[in-house]
Amino acid sequence: SLGVRWIADFRDGGNLWLKKILGYPKGAIRLRADFYYEKYVLDKADYVITQSELLKEELSRVYSVRHSRFKAIPNGHDEEDFIRANMSTPPFAKAAGELHLLHLGSWFVNPGEIDKILERLNALQLALKERDIDLIFHAVGNDLIGEQQRENTIRFRYRYHGVIPHPLV
């Protein structure tokens, strides 16, 4: 009404992904209310931002909204920030027989979900070990795995790097 375009930010997936509030499942009435509110927003917004092409397609399909108003903007980084002056060496040294996974940022999940992630990483490590490959999980940003989990739970190598400026990553 003021002549300003409305841009709705749906990078978190909205009701498609957020089925819990503080770890508790949403009830049927809450899910329905969320769906109709989100449908209203998606119908009225001039543009809708999502974090991926896949989410853009899914929101368009589920809510029957015009796809042309959706724009995918990847979460978390700008590719230009990751151009390194020296491309001759990798940002994280990798030896033969290693598989490296890199996580940048934070986890906003409850402890039960973290346990599931760690179980899956442990299972991956077990499967890789049969092929003489070690899993090394790097965290840049927040320390994702607590000290007790490191000592008692994980079966893969975990390396916490703290904050690293983008050009160095």
Side-chain angles (χ1 to χ4, degrees), residues 7-26 34 38 47-63 67 70-169:
I7 300 173
D9 184 345
F10 272 73
R11 287 177 296 157
D12 67 358
N15 204 34
L16 298 179
W17 291 354
L18 302 176
K19 303 294 185 190
K20 295 181 179 180
I21 301 174
L22 300 174
Y24 297 97
K26 292 180 183 180
D34 285 354
E38 289 176 2
Y47 292 100
V48 177
I49 297 171
T50 67
Q51 60 134 345
S52 69
E53 292 294 325
L54 180 63
L55 181 56
K56 181 171 81 170
E57 298 294 331
E58 190 69 4
L59 284 169
S60 182
R61 183 186 64 76
V62 169
Y63 291 98
H67 184 269
F70 284 69
K71 306 294 180 202
I73 300 175
N75 254 355
H77 69 277
D78 179 347
E79 292 296 332
E80 293 296 317
D81 290 341
F82 290 88
I83 295 174
R84 292 182 291 125
N86 180 0
M87 297 299 284
S88 64
T89 59
F92 298 98
K94 181 181 175 205
E98 294 178 344
L99 172 70
H100 290 243
L101 295 178
L102 172 64
H103 183 279
L104 298 167
S106 304
W107 280 346
F108 292 103
V109 294
N110 67 42
E113 291 169 320
I114 292 172
D115 290 342
K116 287 179 186 177
I117 293 168
L118 297 179
E119 286 172 16
R120 291 189 178 137
L121 289 171
N122 282 337
L124 176 60
Q125 171 59 50
L126 185 62
L128 290 171
K129 201 65 172 168
E130 293 174 3
R131 298 167 62 188
D132 293 322
I133 299 173
D134 287 320
L135 174 63
I136 302 170
F137 181 64
H138 299 271
V140 174
N142 284 5
D143 191 356
L144 304 174
I145 302 174
E147 191 64 38
Q148 183 178 4
Q149 290 169 318
R150 274 194 283 263
E151 292 175 4
N152 301 325
T153 307
I154 66 171
R155 305 290 176 252
F156 52 89
R157 286 193 276 167
Y158 174 69
R159 294 186 184 154
Y160 171 57
H161 299 277
V163 176
I164 300 176
H166 282 185
L168 298 178
V169 172

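Side chains included, hydrogens not; waters and symmetry mates left out as well; all remaining heavy atoms used.
- Nearest heavy-atom pair, Arg155 versus Asn122, reported as atom, atom and distance to 0.1 Å: N-OD1, 2.6 Å.
- Taking OH of Tyr158 as the reference point, atom OG1 of Thr153 lies at 13.0 Å (rounded to 0.5 Å).
- With sequence neighbours excluded, the residues that form a side-chain hydrogen bond (donor to acceptor under 3.5 Å, both in side chains) with Lys129 are Asp134.
- In terms of the side-chain hydrogen bond (donor to acceptor under 3.5 Å, both in side chains) criterion, residue partners of Arg157 (sequence neighbours excluded) are, by chain and number, Glu98.
- No donor-acceptor pair under 3.5 Å is formed between the side chain of Asp143 and the backbone N or O of Tyr160.
- Taking CZ of Arg159 as the start and CG of Leu102 as the end, the distance is 12.0 Å to the nearest 0.5 Å.
- Qualifying side-chain contact (heavy atoms from CB on, under 4.5 Å) partners for Leu126, counting only residues two or more places apart in sequence or in other chains: none.
- Take Glu53 and apply the side-chain contact (heavy atoms from CB on, under 4.5 Å) test, not counting sequence neighbours, and it matches Lys56, Ala72.
- If you take CD1 on Ile154 and CD on Gln125, they are separated by 10.0 Å, rounding to the nearest 0.5 Å.
- Using a 30° and 60° split on the angle between ring planes, His100 and His138 fall in the parallel class, below 30°.
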_Could you walk me through whether Phe70 and Thr50 satisfy the side chain to side chain contact (heavy atoms under 4.5 Å, CB included) test, starting with their C-alpha distance in whole Å, then the side-chain angles of each, then the deciding distance to 0.1 Å, before giving a yes or no?_
CA-CA 7 Å; Phe70 284 69; Thr50 67; 3.9 Å; yes
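- Every side-chain hydrogen bond (donor to acceptor under 3.5 Å, both in side chains) that Arg61 has, sequence neighbours left out, goes to Glu58.
- Using a 4.5 Å heavy-atom cutoff, the side chains of Ile145 and Phe156 are in contact.
- Across every non-hydrogen atom of Leu144 and His103, the tightest pair is CD1-ND1, 3.4 Å.
- Remark: Ile133 CD1 to Leu99 CG distance equals 7.0 Å, nearest 0.5 Å.
- Here Ile117 pairs with Trp107, Leu121 under the side-chain contact (heavy atoms from CB on, under 4.5 Å) rule; sequence neighbours left out.
- Checked against salt bridge (charged side-chain N to carboxylate O under 4.0 Å, His left out), Glu119 has no partners two or more places apart in sequence or in another chain.
- Among residues two or more places apart in sequence or in another chain, the side-chain hydrogen bond (donor to acceptor under 3.5 Å, both in side chains) test is passed with Asn142 by Ser106.
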